[in-house]
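Structure first, then comments.
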Amino acid sequence: MNCFLVKTEPGVFSIDDLKKKKREPWDGVRNYQARNIMRDEMKMGDLVLFYHSNADPSGVAGVCRVASKPYPDPTQFDADSPYFDPKSDPENPRWFLVDMAFEKKFKRLVSLTELKQYAELAEMTLLQRGNRLSVMTVTQDEFEFILALASC
DNA sequence: GCCAACGTTGGC
DNA sequence: GCCAACGTTGGC
């Protein structure tokens, strides 16, 4: 099974929001590398670390699960959406997404500061210098290590 | 709010 | 195809 990490600003959409809604289309991703991961690598049932960015503090807040196959992000065709992309052709959509389902909220947030302390996580894409990807892969070892840190 | 890092755009 | 300008991300 593949493991992933997605970033979200909790002021916009937090783990509590996902818990409440149970399931959410992961829309608004407008980066090709992130899109490719959602479109080409994510499979239904895959587990995904849920990361709060631009937060106080930032860190991994819980886990969600890929709950759909990839499909075109409807917001790219919605002129009223902030994610509207006038250059995307409905016959050949540019942006894809998957639905995310709530899995669990950690008993405690595992902060970015804490993640940086472990040699086991030094290779994580998240921790690489200047990384700005909002959707990325995580190794199974890294995934399990973070779950153990959260002690759930 | 600052700013480093990086992706995208567009002129040439 | 190059690359400067610009916009965005996200930690601090």
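Every value quoted in this text rests on a predicted model; they were computed, and no experiment measured them. Naming convention: chains lettered A, B, ... in sequence-line order (proteins, then strands); numbering from 1 in each chain. Side-chain atoms are counted along with the backbone in the values below, which use heavy atoms only and exclude waters and symmetry mates.
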Discussion item. If you apply the rule side chain to side chain donor-acceptor pair (under 3.5 Å), what do you find for A:Thr75 with A:Arg30, and how did you get there?
Written reply: CA-CA 11 Å; A:Thr75 64; A:Arg30 294 293 179 268; 3.0 Å; yes

Worksheet item: In this structure, are over 12 heavy atoms from other groups packed under 6.0 Å from A:Glu9 atom CD?
Response: yes

Item to complete: Identify, with sequence neighbours excluded, every residue that meets side-chain contact (heavy atoms from CB on, under 4.5 Å) alongside A:Asp141.
Response: A:Thr139

Discussion item. I'd like to check the side-chain contact (heavy atoms from CB on, under 4.5 Å) partners of A:Ser68; sequence neighbours left out, ordered by chain and number.
Written reply: A:Arg23, A:Tyr71, A:Val98, A:Asp99

Distances for protein N/O vs nucleotides 6-12 of chain B N/O pairs under 3.5 angstrom?
residue: B:dC6; atom: OP1; partner: A:Arg129; partner atom: O; Å: 3.0
residue: B:dC6; atom: O2; partner: A:Arg132; partner atom: NH1; Å: 2.7
residue: B:dC6; atom: O2; partner: A:Arg132; partner atom: NH2; Å: 3.1
residue: B:dG7; atom: O4'; partner: A:Arg132; partner atom: NH2; Å: 3.4

Fill in: Passing option when A:Phe50 is tested against A:Trp26, A:Phe143, A:Phe106, A:Phe4 for ring-ring contact (aromatic ring centres under 6.0 Å, His included)
A:Trp26

